[in-house]
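What follows is a single structure, written as structure tokens, with notes after it.
For the numbers below, each heavy atom of this structure counts, side chains included, while hydrogens, waters and symmetry mates do not. The first residue of the sequence shown is numbered 1, and numbering continues consecutively from there.
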Amino acid sequence: MRKRLVAGNWKMNKTYREAMALFDKLNDAASSMPAEVDVMIAPPALYLTRFAKNSTKKIEVGAQDVSHREEEEGAFTGDVSAKILKSAGVRYAIVGHSERRQYHGESDEIIGKKIRACVRAELIPVYCCGEVLEERESGAHFDVVRKQLDTALSGFTAEELATLVVAYEPVWAIGTGKTASPEQAQEMHAEIRSFLKARFGDEFAEKVRILYGGSCKPSNAEEIFSQPDVDGGLIGGASLNADDFSAVIKAGF
Ligand code: 13P
């Protein structure tokens, strides 16, 4: 049985004061969040230490990105290594978000290195994949996502990826208000699981958590999360409001 995970990706939002207010509200709501769900929030990097130190056990903290470099420390201005994140109490790192791919030219080779860095430092990698609208419309979406997984996860053993979380985020659904239908999410999640089964074996595929992301909100979360291969969500806009995020966490319970 896979434990559901609902993660909030705050992206480049919230001033320090606003972030603390939202964080406090979420901590207050933590006791009413279902025990059957893991909860993670990924605020702007600057706030990570503060959040990691002050969060209730229920709410874990993740980075939105991590350095791809092999070196754990060194002269790499602006980079934050997995080791540094880990030392500050961070548990997860999102890697390969489509906004990193789009605005920073990140390839699956680079993203694979970020996963490697997470594995080395024992951070839980949340690997994002997903097709753009033209790929969906031309029917190439399964091939695109398989190729992303194939490249980013190449060279890893099942053991190394034991904590891996995959997030399927169709790019056309991110921030657009247009959600994948529960059926579209389910069929892609099943495809991802079957890819992982062929690559890493049955046991791995049964255990790995696959999240859906893209305009997920209180009004649609329950239907999406009820699909057999959907193990929770990676939430953008709706994670910026404590009531909405709490409602998504509770969806289906
Ligand atoms: P939205 O929920 O705002 O569509 O963003 C999804 C996302 O990109 C989470 O990483």
Side-chain angles (χ1 to χ4, degrees), residues 3 5-16 18-20 22-24 26-27 30 38-101 103-129 152-153 155-157 159-167 169 208-209 211 213 232-236 239-240 245:
K3 190 170 184 194
L5 168 64
V6 176
N9 175 9
W10 290 11
K11 308 189 181 183
M12 195 175 74
N13 289 294
K14 305 286 178 193
T15 62
Y16 184 72
E18 291 164 351
M20 291 310 137
L22 176 54
F23 179 62
D24 287 347
L26 290 171
N27 271 331
D38 285 338
V39 178
M40 180 268 268
I41 51 177
L46 202 56
Y47 312 150
L48 284 168
T49 322
R50 173 79 194 260
F51 280 27
K53 258 203 198 127
N54 294 289
S55 87
T56 61
K57 274 215 180 82
K58 181 70 191 169
I59 300 173
E60 296 187 295
V61 177
Q64 295 177 17
D65 189 30
V66 61
S67 172
H68 70 281
R69 300 210 58 95
E70 228 172 88
E71 297 84 349
E72 294 177 321
E73 291 176 37
F76 305 104
T77 300
D79 275 11
V80 181
S81 70
K83 178 184 173 179
I84 290 172
L85 290 170
K86 178 82 181 183
S87 76
V90 172
R91 273 217 75 206
Y92 294 79
I94 298 172
V95 295
H97 192 281
S98 64
E99 287 146 18
R100 301 291 314 171
R101 295 172 187 262
Y103 304 125
H104 297 268
E106 286 188 11
S107 64
D108 275 293
E109 284 80 8
I110 290 284
I111 297 161
K113 290 183 181 181
K114 295 187 175 201
I115 297 174
R116 175 66 64 198
C118 290
V119 169
R120 227 183 282 119
E122 298 182 346
L123 281 183
I124 301 172
V126 180
Y127 169 73
C128 303
C129 55
L153 303 182
F156 288 98
T157 63
E159 211 170 39
E160 287 170 330
L161 296 180
T163 62
L164 176 77
V165 175
V166 176
E169 298 206 305
V208 68
R209 294 187 286 186
L211 313 184
L234 184 53
I235 317 300
S239 74
L240 297 173
F245 190 52

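- Annotation: the span from H68 atom NE2 to I110 atom CD1 amounts to 4.5 Å, rounded to 0.5 Å.
- Dense packing is recorded around CD of E18, with more than 12 heavy atoms of other residues, nucleotides or ligands lying under 6.0 Å away.
- Using a 4.5 Å heavy-atom threshold, the side chains of V165 and Y127 count as separate.
- Smallest separation of non-hydrogen atoms from A88 and A52: O-CB, 3.3 Å.
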- Task: Please lay out, stage by stage, how I124 and C118 fare under the test side-chain contact (heavy atoms from CB on, under 4.5 Å).
- Result: CA-CA 6 Å; I124 301 172; C118 290; over 6 Å; no

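- Side chains of S55 and N27 form a contact here, defined as non-hydrogen atoms less than 4.5 Å apart.
- Here the CG-CG distance, from L234 to L5, works out to 8.5 Å after rounding to the nearest 0.5 Å.
- Counting heavy atoms from C-beta outward, V80 and V66 have side chains that stay 4.5 Å or more apart.
- Taking CD of E109 as the reference point, atom OG of S107 lies at 4.5 Å (rounded to 0.5 Å).
- Contact between A167 and V126 at its shortest, heavy atoms only, is CB-CG1, 4.2 Å.
- Residues L161 and L153 meet the side-chain proximity criterion, which asks for heavy atoms closer than 4.5 Å.
- Of the inter-residue distances, the one linking D108 atom CG with I115 atom CD1 reads 8.0 Å to the nearest 0.5 angstrom.
- Between the CG atom in L48 and the NZ atom in K53 there is a gap of 12.5 Å [rounded to 0.5 Å].
- A salt bridge links D65 and R100; the closest N-O separation between the charged side-chain nitrogens and carboxylate oxygens is under 4.0 Å.
- Counted by atom type alone, E169 and H97 present one or more donor-acceptor pairs between their side chains at under 3.5 Å.
- Between F245 and V39, some side-chain heavy-atom pair lies under the 4.5 Å cut-off.
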- Task: Test side-chain contact (heavy atoms from CB on, under 4.5 Å) on E60 and I41 and set out the steps.
- Result: CA-CA 6 Å; E60 296 187 295; I41 51 177; over 6 Å; no

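- The backbone N or O of P43 lies less than 3.5 Å from a partner atom in the side chain of Q64, making a donor-acceptor pair.
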- Task: List the steps, then state whether side-chain contact (heavy atoms from CB on, under 4.5 Å) holds for V6 with D38.
- Result: CA-CA 6 Å; V6 176; D38 285 338; over 6 Å; no

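- For W10 and F51, the ring centers are positioned less than 6.0 Å apart.
- The pair K114-E106 counts as a salt bridge, with a side-chain nitrogen and a carboxylate oxygen less than 4.0 angstrom apart.
- With values rounded to the nearest 0.5 angstrom, S67 atom OG is found 10.5 Å from E72 atom CD.
- Two residues are said to be in side-chain contact when any heavy atoms from C-beta on lie closer than 4.5 Å; Y92 and V61 fail this criterion.
- Annotation: side chain of L22 is in contact with side chain of K14 (closest heavy-atom distance under 4.5 Å).
- Atom NZ of K113 has 12 or fewer heavy atoms from other residues, nucleotides or ligands within 6.0 Å.
- Salt bridge status for E70 with R116: absent, with no side-chain N to carboxylate O gap under 4.0 Å.
- The side-chain heavy atoms of L46 and Y16, taken from C-beta on, include no pair separated by under 4.5 Å.
- The two residues V90 and A63 make their nearest non-hydrogen contact at CG1-N, 3.7 Å.
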- Would you sort out whether C129 and V166 count as a side-chain contact (heavy atoms from CB on, under 4.5 Å), showing the intermediate values? CA-CA 8 Å; C129 55; V166 176; 3.9 Å; yes

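- Counting heavy-atom neighbours within 6.0 Å of E122 CD, excluding the residue itself, gives a total of 12 or less.
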